[in-house]
Every structure is written in C-alpha cells, then in structure tokens.
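Each residue takes its place number in the sequence, starting with 1. Values reported hereafter were calculated over all heavy atoms of this structure, with side chains retained and with hydrogens, waters and symmetry mates removed.
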Amino acid sequence: MTSEPDLPAATAVTGLTDEDFLADFHHTTVYGATAAGGIDRQAGTAEHGAVRAWFRARAEALGMTVTVDGIGNQYATYRWLPDGPTVLTGSHLDSQPLGGRFDGTYGVITALHAAARLNGEVRAGRLDPVHNLTVVDWFNEEGARFAPSIMGSSAMVGIKDRDEMLAVTDVDGVTVRDALESIGCLGTDAAPDVAAYAEIHIEQGRLLERNHTTIGAVTQSWYTQKLVVAVKGEQSHTGATVMADRHDALVAAAKIVVFTEDVVADYEPEKIVTSVGQFTVHPNSPIVVPREVDLVIDLRASAAADVLSARDTLRRKIADLAAERDIRIDVEDFDIRDIQHYPLDGVELTEKAAADAGVSCMRLETMAGHDSVAVNRIAPSVMVFIPSVDGVSHCEREFSTDGDMVAGVAAFTQIAGRLVTGALDTTAPGEPLTTGSSTTGPSTTERI
Ligand code: HGY
Ligand code: MN
Ligand code: MN
C-alpha cells in the first residue's frame, strides 16, 4: 500500500478556495430555479442540458477532458497517467420536480473541486497517483421523468440494458434517446474502467443533525422496490349511475393508498418507509366515475425481509379489494434494489479523512438510493453524507449549510486523494454483479 498522502489545504495548491467552491455550487441553482428557492431540472430537459453544458465548460476550464457515453453519463477526467482504471467520483445534476438545490448537485460540484485541488497537488509533485481521476455527472439518477431511477449508472455497470433504457418514454411519449439528443448528451464514448468510486451527498434524513455530526460514513443502502398498480374499474356518469352499479377505480385506489400507510404500522418505527408518490386518474373529468387509476408505491426498509413481507401483505389486501369491488387490479414489482454493503475499508477511509479534516463522523445507512448503489457492484464504493437541515429533501426547502458543504469538500478531497494513490486497490466491490440479481430479475405482473 503506498504511503498515505497528508494532503495540505487546497488553497495552498490550486488557488481554488472554499469561496470558489461555494460560488460554483450556488451558481448551479440558476438552472431550473423555482420561485420558492428550489430547482426543477428533470432528466433530459433544457434546464438539465444547460447545467450539464456549464459543468462541461467548467471542467474543461480546469484542465479536464470530458467524454459522454451512450446513456448520457458525462465524465470529466484528469489524465495523469497514460492508461489504467480511473478513480470515479461524482453524483447527478438532474432533480425531482420542484426539488431541492443540493440533492446530487452538491456531490458533483464537490467532486469537481476535490479533483481540481488534487490536480494541483499532482502538478506540484506532492501527490503521486497510481490512477487517473474522473468526475462523473450521471444521467437520470432521479427517475422522475423517466423511470427507473439510478438509470445512467445502472446502464453503465450493466444492471440495466442500455438500449432498453434509451427506449423508455415520459408521459408525453418522448424517449430517453430523444431527450438526450435534444440536450446534446447522447454520446458515443466508452465508459471508464473503474478502480474505485466515491460519492458525497446530502443525507436527506436527520441522523447527522440529531447527532450534531458533520460527516456520515455510509455502511449500507436500504432494500427498496416499487409496486406499479393499475386499478381498472368502469367509467360511468357520476350523476346518473346508482351507487350499486359503479365500478369506481378511484375509491379502490384511495383504499390502496391507506393500506400502504397502514401496513408499516406492523414494523419497527423508522425501519421501514412507504408512500404512493405517483397517482394518475383517468379520464379525470368532474362528472365521470374514474375508469382507471395508475399509482406507484415506493417500499423501503433496512431489512429486505420487511419489504418482502409488507409487499405480500399489500398484494393480499389488494386482491381482496379487487374481489370485493368486482374490478381488476394489476400489480407489478418494479425497480427492485438489493441492499448494498459498502466495503468496510471505504467506511474507515471516510472516518480517517473526516478526522484529518478535523470534523466529526458517524456511521449510518442510506434510505435513499444513489448511483453508488449501482457502482458498488463493479467497484469498491465509498458513500459519504453531510447533514440536511430538518432532514428534508425532494422539496424546495431542502437545505445544507455552507459550513457543512465546505467541510464535506475538505473530507472528500482527502478521500479522493487516498483513492488515487490506491487505497482500495485490494478491496473487492460490494455485492458482485450476478445475472438474475433482483434488480434485473423478472417483474411479476399479477392480475388480480
Ligand atoms: O431512489 C432514490 O432514492 C433517489 O432519490 N433517486
Ligand atoms: Mn440524489
Ligand atoms: Mn433524489
């Protein structure tokens, strides 16, 4: 193992200061800015294209080479060595509708500044890398406009089929391929060979805040899946059909929403979460009994068994409901993501880096999904958090302080510096990629 570099403060090296980082970060909020202080920068939109173009130009201005792969992931690389696998760092620039300014974007800008600081070290002869360093801006981590989420990284590591993902359409029938072409991000470059991956992100929960801690060293991700439900009743006149003759899809769908909330009451508090986030009524006319409601249930838990048993309970209750009300309800498993255990070496690396950066650190799990959940299957991945005020995310009032963000940049620079000198070169990836793994397993559509 090469000796661990004691990286001096960045200011001494590249002139890129904490103020420069904050200026870059806060500049990104102009792309898709909403009136209430959030951003709306859904994957493949003009706003998303604009921030990605700014990122490419900024990276090139910092001396990086930018490439784009066939599912729209952008890679900015310091090519210090002629070849060999690169250390990959980064996150995503797309957002949820009316989302927060920090989710994903913080990780991309932090990775960019950490890379620039380390480049200064290398050029000053104070860092001797055994790997190149790449900053990635993943395509469509959020899965809001195009489902599933974590799309670009999952296609890059081979969990999802790239051409299948390019054919996914949004509600208006626009394909991922069309959207990527419209923002000039349908690339042809090969994705990099990855030695190790690191991602820093806002916690989107309140554990760090509750524990007055600045850095989170993430040990595992939660087991997550979606249930895609189509409730199929019969359209009729709201004013002329007697109640006994109605096959009201909306009343049945509403009951499913309540089932979903009730089912988690059987489990340990804060160890399982669920909501229906998407709920579409057809034909959605004020004097028509709805014929169909399409809804998506998001189910997540620290233990896979809890998601699977909650899923079975829901399927049973939905089947009973369909029989009672003489309607059809299709239920499909979707976007299943196994738990990912991040390598312990990487967790300890984060703890060391936080100590060197002089900030507090604690271990925790991630309830939210991240691109690291995909990449950890092919390369040892390090997942790092900074605090979210009130634990709020996917919301315009999402917030992290400048102080915490800057502390995260310092710690992340330490982590990336150790990775480029081979700190995880003998560490295995998380859960190896196996064919038929649950994220690629068949989605079962049950007609009830
Ligand atoms: O799936 C997730 O948790 C992420 O926010 N896309
Ligand atoms: Mn995110
Ligand atoms: Mn998100």
Does R300 use its side chain to pair, donor to acceptor, with the backbone of M367 at less than 3.5 Å?
yes
I'd like to know if the side chain of S154 and the backbone of M151 have a donor-acceptor N/O pair within less than 3.5 Å.
no
Could you list the donor-acceptor pairs under 3.5 angstrom formed between side-chain atoms of residues 263-272 and any protein atom two or more places apart in sequence or on another chain?
| residue | atom | partner | partner atom | Å |
| --- | --- | --- | --- | --- |
| Y267 | OH | S309 | OG | 2.7 |
| Y267 | OH | A310 | N | 3.0 |
| E270 | OE2 | R210 | NH2 | 3.3 |

Distance-only donor-acceptor check, side chains E199 and Y197, under 3.5 Å
yes
Between E164 and K160, is there a side-chain heavy-atom distance shorter than 4.5 Å?
no
Measuring only between side-chain heavy atoms, which start at C-beta, is D333 closer than 4.5 Å to L227?
yes
Is it the case that T34 and E396 place a side-chain donor and acceptor less than 3.5 Å from each other?
yes
Those residues at least two apart in sequence (or on a different chain) that pass ring-ring contact (aromatic ring centres under 6.0 Å, His included) with F25 are F102
Check whether T219 reaches the backbone of L364 with its side chain - one donor and one acceptor, N or O, closer than 3.5 Å.
yes
May I ask you to decide if T17's main-chain N or O and D20's side chain share a donor-acceptor pair within less than 3.5 Å?
yes
Check whether any side-chain heavy atom of S400 sits under 4.5 Å from a side-chain heavy atom of V389, and report yes or no.
no
On a heavy-atom basis, which atom in H92 and which in V108 lie closest, and how many Å separate them?
N-CG2, 3.4 Å
Counterpart residues, salt bridge (Lys or Arg N to Asp or Glu O under 4.0 Å), relative to R123 (two or more places apart)
none
Verdict with reasoning, L180 to F139, per side chain to side chain contact (heavy atoms under 4.5 Å, CB included)
CA-CA 9 Å; L180 282 171; F139 176 71; 3.4 Å; yes
Any side-chain donor-acceptor pair under 3.5 Å between S393 and Q204?
yes
Using a strict 4.0 Å threshold on nitrogen-to-oxygen distance, state whether E351 and R363 make a salt bridge.
yes
What I want to check is whether the side chains of S221 and T366 have a donor and an acceptor closer together than 3.5 Å.
no
Using 0.5 Å steps for rounding, measure from the CG atom of D94 to the CG atom of D137.
8.0 Å
Tell me yes or no: between the side chains of R337 and Q225, is some donor less than 3.5 Å from an acceptor?
no
Is there side-chain contact between F385 and I202, with heavy atoms separated by less than 4.5 Å?
no
Is T45 close to I183 at the side-chain level, that is, under 4.5 Å between some pair of heavy atoms?
no
Tell me if a side-chain donor or acceptor on E203 pairs with a main-chain N or O of L207 at a distance below 3.5 Å.
yes
For a quick check under 3.5 Å, do H201 and D103 share a side-chain donor-acceptor pair by atom type?
yes
Are the side chains of L112 and L62 in touch, meaning some heavy atoms are under 4.5 Å apart?
yes
Please identify each residue that fulfils ring-ring contact (aromatic ring centres under 6.0 Å, His included) with H48, with sequence neighbours left out.
none
Would you say D18 and H113 are linked by a side-chain donor-acceptor pair, where the criterion is simply a distance under 3.5 Å?
no
So does E142 get a backbone contact from the side chain of Q96, meaning a donor-acceptor N/O pair under 3.5 Å?
yes
Considering residues at least two apart in sequence or located in another chain, which fulfil the salt bridge (Lys or Arg N to Asp or Glu O under 4.0 Å) criterion with R316?
none
Can you list everything that forms a salt bridge (Lys or Arg N to Asp or Glu O under 4.0 Å) with D306? Sequence neighbours excluded, please.
none
With distance as the sole test, does S182 use its side chain to make a donor-acceptor pair with the main-chain N or O of A179 at under 3.5 Å?
yes
Does some side-chain heavy atom of T28 sit less than 4.5 Å from a side-chain heavy atom of W54?
yes
For V157 and A374 the tightest heavy-atom approach is CG2-O, 3.8 Å
From the options I215, V406, T214, select the one residue that forms a side-chain contact (heavy atoms from CB on, under 4.5 Å) with I386.
I215
Test your reading of the model: is there a side-chain donor-acceptor pair from R41 to the backbone of T29, 3.5 Å cut-off?
no
Answer yes or no: is there a donor N or O on one side and an acceptor on the other, between the side chain of D69 and the main chain of I71, under 3.5 Å?
yes
Is any side-chain heavy atom of T89 closer than 4.5 Å to one of F412?
yes
Test your reading of the model: is there a side-chain donor-acceptor pair from N132 to the backbone of W80, 3.5 Å cut-off?
yes
